[in-house]
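Everything below concerns the one structure shown next.
Every chain is numbered from 1 and lettered A, B, ... according to where its sequence line falls, protein lines coming before strand lines. Note that these values count all heavy atoms, side chains included, but never hydrogens, waters or copies made by symmetry.
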Amino acid sequence: MAHHFEAHKVEEVLPFIDAAVSLRRFIDEEGNPVEETKVQLSSELLLKMYVTMVRARILDEWLLKMQRVGRVAIHAPNAGQEAIAGAVMALREEDWLFPSYRELSAYIARGMSEEEIIDRAMANADDPLRGSEFAVYGNEKYNIVPAPVPVGAQIPLAVGAAIAAKILGHKVVAMTIFGDGATSRGDFHSGMNFAGVFKAPVVLVIQNNGWAISLPSRRQTAAKTLAIRGVGYGVPGIRVDGNDIVAMYITALEAAERARAGEGPTLIEALTYRLGPHTTADDPDRYRSKEEVKLMERLDPIVRFGKYLKGRGVMTEREERDIWKEWGEKIESIVKKCYEKPSLPVSVIFENVYSEPTWNLKEQMEELEESLRIMKELGVKVE
Amino acid sequence: MVVMNMVQALNSALREEMRRDRRVVVLGEDVGRRGGVFLVTEGLIDEFGHERVMDTPLTEGGIVGVAIGMALYGLRPVAEIQFIDFVYEAFDQIVTNLSKVRRRTGGMYSAPVVVRGPCCGGVKGGMFHSQSNESYFVHTAGLKVVMPSRPYDAKGLLKAAIRGEDPVIFLEPKILYRSIREEVPEHDYTVPIGEARVVQEGSDVTLVTWGAMVHKSLEASKIARAKYGWEVEVIDLRTLFPFDKEAILKSLEKTGRLVVVHEAPKTLGLGAEIAAYVAENAIELLKAPIARVTGFDVPYPLAHEKLYLPNEARIIMALSKVMNY
């Protein structure tokens with residue numbers, strides 16, 4: 001199919017609204033330091049940031065492969081958006097996270113293992129969410145509340161949790177992550193409004209990745225940036241380079257500190273880019289040019305940060321290679337292990353609807369069991 | 001006649017109606033350049049431009065609310081909900097405005113909007129890409145509700161929905177989008193809203209169903225004939241509201257036995273209304289209690305979804321219950 005892409009100049013190819021508006025960044029596109037952070041970041045922390053992004057990238061590639069061979073229902077590719085881990089690493093253990101469905105590095109940053117993520121993606125017997133849904137992850141162990149798939153529906157939830165923490169006198173911050181598309185939904189409006197009115201200790205992070213499926217973010221709103229939308233709610237908004245993990249970390253750290261100090265919410269617009277399709281069911285060639293993707297590949301957050309670390313002497317070339325090799329092997333063996341796990345029992349269909357199953361569910365479970373017997377008798381294969 | 005799948009049939013209905021009537025506009029998420037995530041609106045933007053094929057911001061409430069406003073002013077909007085599971089943000093507009101504009105303005109204004117979108121399961125879509133939520137709409141007075149099971153009906157019903165004076169919720173079982181191909185006329189035709197279709201005649205049991213379950217029911221009825229010699233009359237309801245009560249009663253006069261099969265959960269599924277209607281109005285025709293085969297009363301599962309959906313074995317169980325009463 002032939003498509004007409006209206007833009008011809010490089011600046012016009014960018015999907016962002018006014019990409020010329022300056023971004024807060026500490027590392028430039030070539031991996032050079034732009035300015036020093038006020039907070040001293042230890043080498044250990046910097047390396048952890050790098051490793052977290054690498055793990056997420058390798059895992060993302062595996063989940064794509066697993067979807068292609070039918071072991072995973074659907075995957076929302078993460079490549080290019082791994083620096084969100086920086087924002088999450090600014091949280092404390094007791095803080096709460098309300099992510100969306102494209103944040104593998106965020107889960108890893110909170111301590112979730114690849115095995116837990118793959119079990120979830122495969123909906124196998126160890127899936128902590130018991131086969132309820134695809135592409136979403138979370139666990140109370142890490143204070144990560146799994147997302148509802150309809151975008152933005154988690155925003156008021158994060159605000160509510162933050163207000164609850166405030167009522168109970170806990171010094172706990174809630175962070176929510178959502179995309180540029182979600183800012184058009186009513187839930188963004190009500191969440192932001194409540195956050196402002198009740199000075200909720202919440203950090204709202206927009207992963208503006210340029211595209212809500214086929215809609216470029218410049219057509220999502222007529223506002224000059226998404227960050228300035230905070231003005232209308234009395235919530236400070238800041239636009240950062242979302243592919244600079246240090247900028248993500250420092251900005252989120254400041255926002256979380258503000259929240260903890262009782263100064264209320266912050267809206268962070270992180271400019272990033274979805275290098276892959278929206279999901280494994282999408283075909284981005286129908287709506288965006290290869291030229292644009294090529295342009296944005298230059299901003300790969302992992303490549304950039306790797307250069308930065310090597311430039312600062314935090315990581316050597318050899319260490320860099322070893323990190324990729326080590327995690328590549330580890331994750332491959334985890335995938336193999338997960339492949340061997342049994343599937344969930346049929347009874348999960350009726351689990352967790354209510355705190356205790358109601359009479360109709362018991363009746364229907366019996367109907368299902370009888371039907372399994374009849375299927376055998378009739379020789380009907382359903383699954 | 002051209003052989004088409006349901007996506008192509010829906011696309012041609014939209015294209016023909018947009019050519020016929022310049023008041024017809026299409027709006028929704030990714031309906032323009034992307035052609036919709038299932039390509040139902042593919043190519044429309046090239047022919048009709050971005051004013052009549054609007055790629056909207058991501059807000060179902062906005063899409064339906066704006067469509068209602070356009071309709072009040074005189075347009076004939078067709079609003080796409082990318083997956084019907086995302087409709088709930090628009091539920092306020094549908095229940096508050098769409099269904100009640102005619103009534104609350106004393107008949108001065110009306111909103112002939114078609115809200116269409118993919119529904120139902122069977123494609124590993126999980127909790128939010130698989131729902132059969134037709135009952136919410138059937139329960140809301142002022143809305144007509146349609147669900148085709150084949151390309152021919154999809155095209156004819158969509159044209160009828162666009163031309164009608166009432167708002168229509170048009171539900172498209174996504175598993176049927178590309179799985180069935182059949183001949184569809186190139187000339188203009190409509191399938192009237194409110195008319196069921198007897199898909200297969202039979203004298204022993206009336207099986208009322210719709211959407212993808214029409215095909216599952218036909219499969220089950222084949223087994224029932226081969227194995228037990230039961231002749232099942234399969235009725236595709238096509239319009240869920242106002243449903244075709246005459247077609248159901250006429251068939252029951254012949255068979256005296258009723259099974260309803262639907263994908264939606266059992267409790268307050270449309271099967272309950274059909275069963276109540278028959279019990280209230282024609283209980284003397286019945287030789288056996290009415291049986292329902294439905295989705296279970298749970299959120300749509302990702303794991304074991306094929307066991308959640310009605311299948312041949314469960315349909316046979318229900319047939320056997322009414323035949324052996």
Quiz question: by atom type and distance under 3.5 Å, do the side chains of [X] and [Y] form a donor-acceptor pair?
| X | Y | value |
| --- | --- | --- |
| B:Gln8 | B:Tyr177 | no |
| B:Asp297 | B:Thr267 | yes |
| A:Glu292 | A:Trp211 | yes |
| B:His129 | B:Tyr300 | no |

[X], part contacting chain A, at a heavy-atom distance under 4.5 Å:
| X | value |
| --- | --- |
| B:Thr294 | neither |
| B:Leu309 | neither |
| B:Leu307 | both |
| B:Gln82 | side chain |
| B:Leu39 | side chain |
| B:Asp30 | both |

* Asked: Can the ring centres of B:Phe86 and B:Phe128 be said to be less than 6.0 Å apart?
  -> no
* Structure fact -> Given A:Leu372, A:Asp283, A:Asn124, the one with more heavy-atom pairs under 4.5 angstrom with chain B than any other is A:Asp283
If I measure from the heavy atoms of chain B, does [X] come under 4.5 Å with its side chain, its backbone, both, or neither?
| X | answer |
| --- | --- |
| A:Ala281 | backbone |
| A:Val348 | side chain |
| A:Val149 | both |

Closer than 4.0 angstrom, basic N to acidic O: yes or no for [X] and [Y]?
| X | Y | value |
| --- | --- | --- |
| A:Asp282 | B:Arg34 | yes |
| A:Glu269 | A:Arg229 | no |
| A:Lys341 | A:Glu115 | yes |
| A:Asp285 | A:Lys290 | yes |
| B:Glu42 | A:Arg286 | yes |

* **Worked verdict on B:Ile81 versus B:Val64 for side-chain contact (heavy atoms from CB on, under 4.5 Å)** => CA-CA 9 Å; B:Ile81 303 295; B:Val64 174; 3.9 Å; yes
* Report, by ascending residue number, the residues of residues 356-366 of chain A in heavy-atom contact with chain B at a distance under 4.5 Å; give 'none' if the set is empty. => A:Asn360, A:Leu361, A:Gln364
* Evaluate whether atom NZ of B:Lys306 has more than 12 neighbouring non-hydrogen atoms of other residues, nucleotides or ligands under 6.0 angstrom away. => no
* Asked: For A:Phe194, does the CZ atom sit with more than 12 other heavy atoms under 6.0 Å from it, leaving out its own atoms?
  -> no
* Determine which residues belonging to residues 318-325 of chain B lie within contact range of chain A, meaning some heavy atom pair is under 4.5 Å apart, and list them by number or answer 'none'. => none
* Structure fact -> Under a 4.5 Å heavy-atom criterion, the part of residues 117-127 of chain B in contact with chain A comprises B:Lys124, B:Gly125, B:Gly126, B:Met127
* Asked: Are A:Arg102 and A:His278 close enough, and set up right, to give a side chain to side chain donor-acceptor pair (under 3.5 Å), and what steps lead you there?
  -> CA-CA 9 Å; A:Arg102 207 188 299 281; A:His278 165 68; 3.1 Å; yes
* To do: State which residue, out of B:Val31, B:Thr56, B:Leu58, fulfils the side chain to side chain contact (heavy atoms under 4.5 Å, CB included) condition with B:Ile63.
  =>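 Going through B:Val31, B:Thr56, B:Leu58 one by one, the side chain to side chain contact (heavy atoms under 4.5 Å, CB included) with B:Ile63 is satisfied by B:Thr56 alone.
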* Evaluate the side-chain proximity of B:Lys222 to B:Gln200: yes if any heavy-atom separation is below 4.5 Å, no if none is. =>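 With C-beta onward as the side chain, the pair stays apart.
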* Hey, does A:Pro150 have a side-chain heavy atom less than 4.5 Å from the side chain of B:Glu89? -> no
* To do: With sequence neighbours excluded, tell me which residues meet salt bridge (charged side-chain N to carboxylate O under 4.0 Å, His left out) with A:Arg120.
  =>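 A:Arg120: salt bridge (charged side-chain N to carboxylate O under 4.0 Å, His left out) contacts with A:Asp127.
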